[in-house]
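Numbers restart at 1 for each chain; the letters A, B, ... are given by sequence-line order, proteins then strands.
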Protein chains: 2
Amino acid sequence: MVDKEKIRQKIVLSASEIFSRYGFKKTTMEEIAKSLSKGKSSIYYYFHSKEEIFEAVIDHEAQVLKNQLSKVIKSSGDPEQILRKYAKVRMRSFEKLSNYYDAIFNRDLDHFDFIEKQREKYDLMEIAFIRYILWRGVQSEHFNLENTGLAALAVQTALKGLEIPLFWHKRRYGIDARLDAIVDILFYGIVRK
Amino acid sequence: MVDKEKIRQKIVLSASEIFSRYGFKKTTMEEIAKSLSKGKSSIYYYFHSKEEIFEAVIDHEAQVLKNQLSKVIKSSGDPEQILRKYAKVRMRSFEKLSNYYDAIFNRDLDHFDFIEKQREKYDLMEIAFIRYILWRGVQSEHFNLENTGLAALAVQTALKGLEIPLFWHKRRYGIDARLDAIVDILFYGIVRK
DNA sequence: GACTAATCGACCGTTTAGTTCTAAGAAAAT
DNA sequence: ATTTTCTTAGAACTAAACGGTCGATTAGTC
């Protein structure tokens, strides 16, 4: 036994690439298997179904995203810069974590119940992260907010709005500028005068 | 009658995008039809088969490539610069004309006989183009060559060698440098001392 | 050699996707 | 107004593809 978990991870990594290229439906078990130089049926020794592999892929990408964002919010610097950086990192993740975002956005995948859970988990995490940034901003008297929870929701909504054009046509053209613009607008209502 | 040919072109343009995203096999008639807000069977009023659409897409992209390269070789300037530019334009086309290159390279598509013809046509065109550049170089005494036909073949072979890594992993990292290096090497044997 | 871990080819039932057919709406011609 | 031609698309057909199962087989360990 070489360690079942190791191979599971290899499958997840490999499947992740194929899923992100073709999407869930267009990806076949045959392809996943071949990318690992295995027979199709061997994959079923490690996962019960294609759906389960997808779930593992999503989980993995969610973990990666969480780590990235976590690192940003823990970094030192003034809260304004951190919030900017947070938004940028989040948007850039689109390219790498396409399965995760597919799962969050794609209507075709609605029927998977774990997607719904993932969406909730994602929202909660994001709001908590943003709220933490805002809270630190209030503490250090950079921001002037009554209710950080509500403000976090507002910021998250704005960020989500940016995702839609980014998701539909993948090019990032103009997004960085719009991102700055939005964050700027947010700041004019937030930053202490 | 709105003009059948116009709609055929619209189908080719739309199908081109989908093919380049998913490849021939993974692209469905349904998708092509939907992208034009038509029923699947309506497409068959304009094309006999999926394969025929693909053929038209390839032809179209080949035309585009030919025009681009044609413009380069007709441009004025010293032959060395033109050859450099030619190589660069050719490599950059990879991103836009992915179906065409897929047809040229992808082994899975071998069974289509029009692909074979396309490959031949492409090779002949390319060699003629390169030969023309070299010939002009000889005329203007920039190059020193006995046999421009043979030299053209050599240059084309070198360019083809560059395509392979470019095709496999799509990133262009390092390709520009390698391109310059190869052209440089070619020049050391070609340029008049 | 016996036991287990891991792999794979063959196969099954179902779905999908390319293609055909037909009917019918829209537009043009008479 | 009616006939004819152009254009569309749903339904039906058929072959292939796909997810998944199973039993047999190989590789590895004690």
How about Tyr122(A) and Glu126(A): does a side-chain donor come under 3.5 Å of a side-chain acceptor? yes
For Lys66(A), does the NZ atom have more than 12 heavy-atom neighbours from other residues, nucleotides or ligands under 6.0 Å away? no
Output the rounded distance in Å from [atom1] ([X]) to [atom2] ([N]).
X	N	atom1	atom2	value
Phe54(A)	dG19(D)	CZ	P	13 Å
Tyr44(B)	dC21(C)	OH	P	13 Å
Ile43(A)	dA6(C)	CD1	P	13 Å
Lys34(A)	dA17(D)	NZ	P	11 Å
Glu52(B)	dT20(C)	CD	P	11 Å
Ile32(B)	dA9(D)	CD1	P	15 Å
Arg8(A)	dA5(C)	CZ	P	16 Å
Met29(A)	dC8(C)	CE	C1'	14 Å

Check: Lys40(B) side chain, dT19(C) base, donor-acceptor under 3.5 Å: yes
The answer to which of Tyr45(A) and Ser41(A) contacts DNA chain C further toward the 5' end, by nearest nucleotide, is Tyr45(A)
Would you call the rings of Phe24(B) and Phe19(B) parallel, tilted or perpendicular, where under 30° means parallel and over 60° means perpendicular? parallel
Can you see if the side chain of Tyr46(B) gets near the phosphate of dT8(D) - specifically, an N or O under 4.0 Å from OP1 or OP2? yes
Residue-phosphate contact under 4.0 Å: Ser42(B) side-chain N/O, dT7(D) OP1/OP2: no
In sequence, state the C-alpha distance, the side-chain angles, and the governing distance for Glu31(B) and Lys34(B), and then conclude on salt bridge (Lys or Arg N to Asp or Glu O under 4.0 Å). CA-CA 5 Å; Glu31(B) 284 171 322; Lys34(B) 268 204 185 141; over 6 Å; no
Side chain of Lys38(B) only, heavy atoms from C-beta on: which candidate in dG20(D), dC8(C), dA9(D) is closest? dA9(D)
